[in-house]
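This report refers to the structure that appears directly beneath it.
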Amino acid sequence: MDWLTAENLIALVTALLGVLVSTGAVWYERRVPHQRRIGYRVQLDTTIGNAATNGAATGPGAAVRRGFFNATPALRDATLVLLRIENDGALSIGADHYTDGDDHGLTVEFERRRVQAVVVTAPDHPRLLSHFSDSWVGPAEGDATILLPKVPLNRGAHYKLLVLLTGGPIDDPVSVDGNIAEGHVHVNHSTTPDDKPPVFSRVARTVTVVLTVCVVALAAIIVREQTPPPIGCARGTLTVTGSTAFAPVVRELARKYEKDCAGSTVNVTAHGSTAGIRELEASGAKSAKGSPAVVALSDGRKPGGYPQLRESMVAVSLFTLVLNDGIPVESLTLDEIRRLYRGEITNWKELVPSLDQPVRLISRDANSGTREVFQRRVLGRNELANSSLDCQNIDDPASVVVRCELDSTEQVLSTVARLPGAIGYTELRSGSGLKGLHRVAIDGRRPVVEEIGESSYPYREIEYAYTWGRPPADSLTSSFLNYLIRGSGQDVVLTHGHLPCSTPKGLRICGAG
């Protein structure tokens, strides 16, 4: 029973406790009969007789008396009591719920004091005063009790009695008695502020506190014991840099991996194969914790001088030449391509007599793996020097042909589509589905993924993934590489026009180099 751990038991007991408390509260609310209750309390009990002097007296009951009270001997032992009577139960009380007698509902009794006068107030519920009409004669002078009428009270309704008393000290007991059908009369206590009922009942407060404790306990367990990621996944942040030609594949793979493996973030920052190798080298040299979470993708093998980098073959990539649609050429010979890029053909009329259009060579910068593959596999030499900044006009008087360098595959494609007479190169997938340009065969052979290995099409290369040394087996770097090379990422690689090295045909080609 692997689940029978201390953490799981605490979580289970806590969850059950929360459910039981909630269920009990609902049961109590529905099954336990609600009672009718009338509550009362003394809000003021103060002397206005001899105990109230000129201010010299101190202690309980001390007061200051002036004016009328000094001139009235009958009030020498007088006191004032303010009594609040309210419906503090869950149900309304009607006149028929008072069962003491026909003529009154409640009885207020003073133990040793005698009533001299009564004032009834109901500032919040003025309609209640209609029940204290002329038919209610009130107490006779000198009575020790007050018989109150059968006043209907909705929930929370109240009225007050200000009673002038003589014959006894303050704090002499005051009681209210009466019989209520399915209820009772009791002493209650004031809230703060005095006339406002509590926002939550006692049951509501208890349920809230218990459930809050349960939620906090469960949250603490969850934070402490996080659910492990799915098999083959890893958490963390990974940076994938390098080849812009392979960037569309990696971006889609990054989104899929993040969706499949919660808690992972894969950032793709493609700036060219050589730039990616340098970025990985710099990250590895700064890292004090072994292999940094960086993967560099390169079109072809890395340059020399990076002994710490470890390579993995990913896929066979096909590349293609692209022409502006204004040039009606579908195929170029290998010799014609080399002459174009040596500057020996400067106008397309040398290949298409009816077309008078200057040649514009749209190339990638020196960090590009696509350019390096083009020079090595197709030209057999380096390209000419850059001669134009805007890709339209020659800036170098010594140059005979327009040649410009751009930072990314996307820039090359948009520029070739925009400028008449332009020719450029790109990875296979990026060259399809774009307006304003078309792909060009080499010696009549076109780049076809299914024909890799049988065709002698020259413009192709193996895509490599580089890490700083061997990353830990449980790291996000290793997990993502497995996802890319051997996992479900192979379908994405194929969709973008590349042949995974882990397929049977890919193994033969990648093994041959």
Side-chain angles (χ1 to χ4, degrees), residues 2-3 5 7-8 11 218-271 273 275-298 302 306-315 317 462-496 498 500-503 506-507 510:
D2 295 336
W3 64 272
T5 62
E7 290 82 1
N8 288 341
L218 288 174
I221 293 172
I222 292 171
V223 170
R224 177 183 173 187
E225 191 71 24
Q226 292 185 346
T227 303
I231 296 176
C233 291
R235 291 191 176 100
T237 300
L238 174 68
T239 297
V240 181
T241 185
S243 170
T244 60
F246 210 68
V249 179
V250 181
R251 288 193 179 97
E252 184 173 343
L253 278 173
R255 290 192 296 268
K256 285 176 60 65
Y257 186 89
E258 290 173 347
K259 182 178 179 181
D260 294 343
C261 300
S264 62
T265 301
V266 181
N267 299 315
V268 181
T269 57
H271 302 295
S273 298
I277 295 296
R278 292 170 180 166
E279 181 179 344
L280 173 60
E281 170 74 17
S283 299
K286 293 179 182 178
S287 177
K289 300 180 180 180
S291 181
V294 179
V295 173
L297 293 166
S298 175
K302 63 179 177 65
Y306 299 97
Q308 294 288 344
L309 304 192
R310 178 178 177 271
E311 70 181 26
S312 299
M313 293 182 182
V314 177
S317 294
I462 297 173
E463 194 75 26
Y464 289 87
Y466 286 94
T467 59
W468 177 270
R470 185 184 294 275
D474 60 348
S475 66
L476 177 55
T477 304
S478 293
S479 174
F480 186 76
L481 280 179
N482 287 330
Y483 191 82
L484 168 63
I485 298 172
R486 286 174 287 275
S488 59
Q490 294 181 60
D491 296 333
V492 178
V493 174
L494 279 169
T495 301
H496 283 264
H498 307 273
C501 285
S502 56
T503 62
L507 284 172
C510 295

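- With hydrogens and angles ignored, the 3.5 Å screen pairs no side-chain donor or acceptor of Ser478 with any backbone N or O of Asp474.
- Note: Thr477 OG1 to Leu238 CG = 5.0 Å, rounded to the nearest 0.5 Å.
- Put simply, OG1 on Thr467 and CG on Leu309 are 8.0 Å apart, with the number rounded to the nearest 0.5 Å.
- Closest approach of Met313 to Cys501, counting heavy atoms only: CB-SG, 3.8 Å.
- A heavy-atom distance below 4.5 Å is found between the side chains of Pro500 and Leu494.
- When all heavy atoms are compared, the tightest approach of Cys261 to Ser264 is O-OG, 2.7 Å.
- Contact check for Glu279 versus Thr239: side-chain heavy atoms found under the 4.5 Å cut-off.
- A 4.5 Å side-chain heavy-atom check between Leu280 and Tyr306 finds every atom pair outside the cut-off.
- No hydrogens or angles considered: a donor-acceptor pair under 3.5 Å links the side chains of His496 and Glu252.
- In terms of heavy atoms, Ala254 sits closest to Val268 at CB-CG2, 4.1 Å.
- With values rounded to the nearest 0.5 angstrom, Ser287 atom OG is found 9.0 Å from Trp468 atom CH2.
- Atom CZ of Arg486 is surrounded by more than 12 heavy atoms from other residues, nucleotides or ligands within 6.0 Å.
- Taking OH of Tyr466 as the reference point, atom CZ of Arg310 lies at 11.5 Å (rounded to 0.5 Å).
- Counted by atom type alone, Tyr257 and Ser479 present one or more donor-acceptor pairs between their side chains at under 3.5 Å.
- The structure places CD of Glu463 at 9.0 Å from CG of Leu484, a figure rounded to the nearest 0.5 Å.
- Taken to the nearest 0.5 Å, the CG atom of Leu253 stands 10.5 Å off from the CD atom of Gln490.
- For the pair Phe480/Val240, a side-chain contact is recorded, criterion being any heavy-atom separation below 4.5 Å from C-beta on.
- Side chains of Glu258 and Thr265 form a contact here, defined as non-hydrogen atoms less than 4.5 Å apart.
- Listed for the Ser502 side chain is a donor-acceptor partner under 3.5 Å among the backbone atoms of Ile485.
- Of the residues Val250, Thr241, Ile277, the one that meets the side-chain contact (heavy atoms from CB on, under 4.5 Å) test with Leu297 is Val250.
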